[in-house]
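Just the heavy atoms: all of them, side chains too, but no hydrogens, waters or symmetry mates, feed the values below. Just so you know, these numbers come straight off a predicted model, no measurement behind them. Sequence lines set the chain letters: A, B, ... in the order given, protein chains first and strands last, and positions in each chain run from 1.
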Number of protein chains: 2
Amino acid sequence: MDRRVARTRSALHAALIELMLTRGYDGTTVEEICRVAKVGRSTFYTHYADKDALKRDGLASIGRSLRQSRHETVRDDALGFVLPMLRHAREHVDHYRALAGGHGGSMALASIREILAGIVRQEMRSSRRRTVSADVAVNYLVGAFMAVLTWWLDRGAIESPEQMADAFRDLSAGYAAMHRPTRN
Amino acid sequence: MDRRVARTRSALHAALIELMLTRGYDGTTVEEICRVAKVGRSTFYTHYADKDALKRDGLASIGRSLRQSRHETVRDDALGFVLPMLRHAREHVDHYRALAGGHGGSMALASIREILAGIVRQEMRSSRRRTVSADVAVNYLVGAFMAVLTWWLDRGAIESPEQMADAFRDLSAGYAAMHRPTRN
DNA sequence: TCCTTTGTTGGACAGTCTGTCCAGGAACTG
DNA sequence: CAGTTCCTGGACAGACTGTCCAACAAAGGA
């Protein structure tokens with residue numbers, strides 16, 4: 001690939017990441033991206049159809065990187081994805097924070113989640129059957145993981161990936177069990 | 001409150017919901033909202049500073065409604081929020097699907113989640129300590145719940161709230177345990 | 001009912017961002 | 001060095017935003 005192309009594209013990616021961390025995705029304009037990347041606006045459009053195409057390309061790139069780094073550390077149990085993913089996230093903190101971060105724009109879910117968080121917090125000061133499809137289980141687990149990941153990253157990824165993995169495994173092993181000792 | 005005000009505002013809310021379900025939040029313009037709501041564009045701006053203000057107002061309204069309907073069915077255990085919330089969601093499917101739905105715009109998370117979902121699915125075909133802060137636990141649970149909720153709504157909320165609540169409780173009681181019987 | 005208050009409306013406005021196009025100049029490749 | 005490919009600024013129409021105003025309509029109390 002032509003050096004100029006490589007330079008331009010990586011500059012654009014870096015600029016998008018940087019701006020997403022401050023203004024959020026929606027608040028970022030193509031003009032700003034080009035200004036930060038020191039690239040002509042015309043040039044932007046010769047590479048990407050629009051802002052979204054740039055983002056999608058970045059995500060695809062992260063996806064490849066993740067899949068590959070995962071391929072190296074194969075573990076064949078459920079939850080095996082946890083540690084590799086956490087490590088990968090820490091290696092690419094900025095990318096992850098920009099793309100998955102709770103900050104700006106990404107999640108309109110934020111406010112509903114906050115309401116819920118209040119409720120759950122309150123209820124945690126006190127507390128079986130089997131009708132589950134695999135689909136629900138997957139969504140449950142992914143949702144839980146993404147939430148924990150986001151939480152971790154937004155606070156600066158202070159804990160080690162290993163600590164977080166352990167925490168996540170504990171939680172997955174039984175949420176209710178974790179909190180019975182507290183009181184009831 | 002003046003009848004005209006009430007009429008205008010609820011028309012705007014309804015229009016936003018309707019448009020979010022089709023074009024997504026970001027793809028919806030103030031002009032469209034006004035067209036659908038049969039309201040002058042000038043009028044829009046006498047009520048809300050911008051599109052976001054309208055959305056926030058809608059969310060606040062849902063929040064109030066949820067808190068209230070919750071106040072009626074008090075259960076003092078962890079996970080007590082599950083059933084009331086699911087019922088509330090079903091009563092206001094459109095609102096929830098528009099605001100929390102996976103469809104358009106809301107979650108840039110979508111693609112990362114898909115990558116992860118693939119991985120988890122693959123690993124589910126096969127596999128204790130305690131270092132968890134309460135914060136992580138809350139985020140874990142909320143994330144899991146929101147994910148299940150979104151999944152449920154996006155598929156049309158076919159299952160009953162009770163079924164979903166049971167499923168969620170089972171999962172929370174121990175994800176790993178749920179899937180050991182499958183093979184290993 | 002009448003009158004005052006309050007809402008609604010279309011139109012006009014400047015400003016921002018988008019996506020497209022082009023022609024001149026720069027950088028790469030062989 | 002030559003030919004190809006890329007970068008660039010500038011110009012363009014089009015869409016959307018947020019603000020303002022003057023005319024009109026509806027509400028609700030006296």
Do you know which two heavy atoms are closest between A:A165 and A:L83, and how far apart they sit? CB-CD1, 3.9 Å
Taking all non-hydrogen atoms of both residues into account, name the closest pair between B:W152 and B:A89 and its distance. CZ3-CB, 4.3 Å
Would you compute the distance between atom CZ of B:R41 and atom CD of B:E32 and round it to the nearest 0.5 angstrom? 12.5 Å
Nearest 0.5 Å please: distance from the CZ atom of B:R155 over to the CG atom of A:N139. 9.5 Å
Select base, sugar-phosphate, or nothing to describe what A:R3 touches, counting heavy atoms under 4.0 Å on all strands. sugar-phosphate
Could you tell me how far apart [X] ([atom1]) and [N] ([atom2]) are, to the nearest whole angstrom?
X: B:Y48; N: D:dT17; atom1: OH; atom2: C1'; result: 18 Å
X: B:L54; N: D:dG18; atom1: CG; atom2: P; result: 12 Å
X: A:D26; N: D:dT17; atom1: CG; atom2: P; result: 13 Å
X: A:E31; N: D:dT8; atom1: CD; atom2: C1'; result: 15 Å
X: A:Y45; N: D:dG10; atom1: OH; atom2: P; result: 17 Å

Looking only at the side chain of [X] (C-beta and beyond, no hydrogens), which of the listed nucleotides [options] gets closest?
X: B:D50; options: D:dG18, D:dC16, D:dC7; value: D:dG18
X: B:T29; options: D:dC16, D:dA27, D:dC7; value: D:dC16
X: A:S42; options: D:dT5, D:dG10, D:dC16; value: D:dG10

Sorted by position of nearest nucleotide on DNA chain C, 5' first, the leading residue of A:V30 and B:T46 is B:T46
Assess, by modelled atom type and distance only, whether the side chains of A:Y140 and B:D170 contain a donor and an acceptor separated by less than 3.5 Å. no
Would you please say whether a donor-acceptor pair under 3.5 Å links the side chains of A:H47 and A:T8? no
Please find the earliest and latest nucleotides of DNA chain C, in the 5' to 3' direction, that have an atom within less than 4.0 Å of any heavy atom of chain A. C:dC17 to C:dT29
Closest to the 5' end of DNA chain D, once A:A6 and B:E32 are matched to their nearest nucleotides, is A:A6
Between B:A49 and A:K38, the residue closer to the 5' end of DNA chain D by nearest nucleotide is A:K38
Under-3.5 Å donor-acceptor pair between A:R41 side chain and D:dT8 base: no
Face-on cation placement of B:K55 at B:Y48 ring, 6.0 Å and 45° thresholds: no
